[in-house]
2 protein chains.
Amino acid sequence: MALEHAILVSLLEQPGSGYELARRFDRSIGYFWTATHQQIYRVLKRMENDGWVDVREVAQDGRPDKKEYSVAEAGRSALSGWLRDPVEPETIRHDLAVKIRAVAFDDPSALIAEVVRHREIHVARLEHFLEGEKRDFPDPGALGTRQTLQHAVLRGGIAFQRMHIEWLDDVLATLHRLRPDN
Amino acid sequence: MALEHAILVSLLEQPGSGYELARRFDRSIGYFWTATHQQIYRVLKRMENDGWVDVREVAQDGRPDKKEYSVAEAGRSALSGWLRDPVEPETIRHDLAVKIRAVAFDDPSALIAEVVRHREIHVARLEHFLEGEKRDFPDPGALGTRQTLQHAVLRGGIAFQRMHIEWLDDVLATLHRLRPDN
DNA sequence: GTTGCCTATGCAACTGAGTGCATAGCAGAG
DNA sequence: CTCTGCTATGCACTCAGTTGCATAGGCAAC
């Protein structure tokens with residue numbers, strides 16, 4: 001499980017509240033890890049009990065108070081230990097692949113629309129990533145350690161989206177070959 | 001959830017027992033979906049209760065009896081309905097990406113070994129996929145519908161592994177640039 | 001002054017998936 | 001004739017993650 005560790009990294013990059021973390025998980029960190037605010041609050045509570053993070057009540061004006069979390073020494077060493085632990089590559093779960101094979105027993109037309117829809121989603125994500133790259137890493141030669149690493153991860157996301165789009169084009173061509181009338 | 005549907009597709013391609021399904025999930029279907037035998041037996045039981053599959057006790061010689069499952073009409077229409085239902089692209093969960101960003105707060109050396117290990121795993125998978133491609137689709141021009149679709153899915157797996165290997169090379173170069181002495 | 005929206009935190013219930021363990025038939029090695 | 005290993009099925013426990021719901025402060029629009 002890496003949600004704890006993703007939160008630790010995010011809090012090391014910038015301390016913040018559960019709400020702020022949830023928003024980050026919609027943005028940069030969310031490029032490669034997702035979490036809802038409920039999960040984040042639950043895990044933060046557990047991490048607080050385990051002494052991995054420190055909490056500080058912060059009064060804000062114009063907004064409700066928030067609890068600002070920051071990484072404690074125990075959290076830092078937990079992260080350090082995890083970094084030394086081997087993790088297995090994520091197991092692949094791909095609904096669309098199941099659907100594609102299922103077309104052998106059903107009508108392809110519905111799937112073509114679905115594949116086109118997925119392609120659009122991946123194109124949108126790619127554009128989103130490329131915008132983020134242009135905004136955050138305009139001069140890749142002049143980055144600090146943290147930015148260099150963030151950029152490497154983002155390049156992974158970009159490569160993933162591009163690969164996906166190419167493959168979906170391949171799938172669409174295959175489906176059309178099976179059904180030349182569509 | 002698509003495990004049910006992956007099982008339906010697999011049983012449509014070829015009826016079989018839970019044990020046989022588990023082995024298929026280590027091979028062709030496992031290229032893009034994984035499941036342990038416990039999961040498969042549990043889901044098969046549920047699918048049987050829901051009338052999605054039919055069971056037939058088969059006596060074998062030299063081996064224990066098995067239950068051979070095949071897709072019932074209700075299962076076929078459930079699959080058909082699911083095909084028409086939009087599914088969302090899988091959420092990305094990438095431990096390694098978390099680890100890469102974490103390196104900003106720790107020593108890179110341990111991660112380099114981990115990245116090399118992951119690269120080896122993906123190279124092995126790529127070779128495995130390419131062998132499967134050579135074995136099962138030696139003449140891509142002369143395939144039936146089912147094989148054409150299976151091949152398209154396999155090409156996706158191949159593209160995924162290649163993309164991953166290239167990205168890990170990129171990451172390794174980045175890590176070495178940060179630590180020229182390693 | 002009520003309605004809608006954003007910030008902010010959280011509980012409860014459910015579900016999917018993983019881990020560990022148990023059982024049993026049968027074969028071949030030693 | 002026992003041990004190892006493969007085939008074959010399954011239960012129990014645990015945990016991560018999703019969904020739905022609840023609460024509450026403050027702001028702006030109408």
Side-chain angles (χ1 to χ4, degrees), chain A residues 1-8 11 15-27 29-30 32-50 53 55-69 82 87-95 98, chain B residues 1-8 11 15-27 29-30 32-50 53 55-69 82 87-95 98:
Chain A
M1 221 268 294
L3 179 54
E4 273 100 333
H5 306 107
I7 289 176
L8 285 174
L11 289 180
S17 68
Y19 190 82
E20 285 161 352
L21 282 170
R23 276 188 308 182
R24 291 183 211 168
F25 274 77
D26 284 336
R27 297 175 37 250
I29 311 257
F32 53 88
W33 203 274
T34 58
T36 60
H37 74 272
Q38 288 90 340
Q39 276 177 69
I40 290 167
Y41 283 121
R42 202 189 316 144
V43 171
L44 275 174
K45 183 131 291 187
R46 184 168 67 231
M47 289 166 79
E48 191 190 333
N49 290 335
D50 294 346
V53 290
V55 202
R56 200 169 59 95
E57 285 273 346
V58 177
Q60 307 184 102
D61 56 84
R63 302 176 170 192
D65 299 352
K66 66 173 181 178
K67 296 182 182 177
E68 195 182 76
Y69 291 89
W82 177 69
V87 293
E88 289 319 299
E90 294 296 307
T91 56
I92 308 155
R93 292 282 158 89
H94 210 300
D95 298 83
V98 178
Chain B
M1 220 270 294
L3 179 54
E4 274 98 333
H5 307 107
I7 288 175
L8 286 173
L11 288 179
S17 68
Y19 190 82
E20 285 161 353
L21 282 170
R23 277 187 308 182
R24 291 183 211 168
F25 274 76
D26 283 338
R27 298 175 39 251
I29 312 256
F32 53 87
W33 202 276
T34 59
T36 60
H37 75 272
Q38 288 91 339
Q39 277 177 67
I40 291 167
Y41 283 122
R42 204 188 314 146
V43 172
L44 276 174
K45 182 131 291 184
R46 184 168 68 232
M47 290 167 78
E48 191 191 334
N49 290 336
D50 293 347
V53 290
V55 202
R56 199 168 59 96
E57 285 272 347
V58 177
Q60 307 185 103
D61 55 85
R63 301 175 171 194
D65 298 353
K66 66 172 180 179
K67 296 183 181 175
E68 196 182 75
Y69 290 89
W82 177 69
V87 292
E88 289 319 300
E90 295 295 309
T91 56
I92 307 157
R93 293 280 159 90
H94 211 302
D95 299 83
V98 178

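Every chain is numbered from 1, with letters handed out A, B, ... down the list of sequences.
The shortest distance between the side-chain N/O atoms of B/Ser17 and the OP1/OP2 oxygens of D/dT7 is not below 4.0 Å. Regarding contacts with the backbone of C/dG10, every side-chain N or O of A/Tyr41 stays at 4.0 angstrom or more from both OP1 and OP2.
Rounded to an integer number of Å, the gap from B/Glu90 CD to C/dG16 P is 14 Å. Rounded to an integer number of Å, the gap from CG of B/Leu21 to P of D/dT7 is 15 Å. In this structure, CD of B/Glu20 is placed 13 Å from C1' of D/dT9, rounded to the nearest angstrom. We find that CG of B/Asp65 is positioned 10 Å from P of C/dG25, with the value rounded to whole Å. Across the protein-nucleic acid pair, B/Leu44 atom CG and D/dG10 atom P stand 9 Å apart, rounded to whole Å.
How far CD of A/Glu20 is from CD1 of A/Ile40: 11.5 Å, rounded to the nearest 0.5 Å. Of the inter-residue distances, the one linking B/Arg63 atom CZ with B/Tyr19 atom OH reads 8.5 Å to the nearest 0.5 angstrom. Here B/Ser17 contributes atom OG and B/Gln60 contributes atom CD; the two are 7.0 Å apart, rounded to the nearest 0.5 Å.
Counting heavy atoms from C-beta on, the side chains of A/Val43 and A/Met47 come closer than 4.5 Å. Taking 4.5 Å as the limit, every side-chain heavy atom of A/Phe25 sits out of range of all side-chain heavy atoms of A/Thr36.
Judged by distance alone, with hydrogens and angles left aside, the side-chain atoms of A/Arg93 form no donor-acceptor pair with the main-chain N or O of B/Glu90 at under 3.5 Å. The backbone N or O of B/Tyr69 sits nowhere less than 3.5 Å from a side-chain atom of B/Arg56 that would complete a donor-acceptor pair.
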Every protein N/O lying under 3.5 Å from an N/O of nucleotides 4-7 of chain C:
from	atom 1	to	atom 2	distance (Å)
C/dT7	OP2	A/Tyr19	OH	2.9
C/dT7	O5'	A/Tyr19	OH	3.3

Table of protein N/O atoms under 3.5 Å from nucleotides 11-17 of chain D N/O atoms:
from	atom 1	to	atom 2	distance (Å)
D/dG17	OP1	B/Arg93	NH1	3.1
D/dG17	N7	A/Arg42	NH1	3.1

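For the pair A/Asp61 and B/Lys66, nearest-nucleotide mapping onto DNA chain D gives the more 5' position to B/Lys66.
The two residues A/Trp33 and B/Asp95 come nearest to each other via the heavy atoms CZ3-N, 3.8 Å.
Residues meeting the salt bridge (Lys or Arg N to Asp or Glu O under 4.0 Å) test with A/Glu57, sequence neighbours left out: none.
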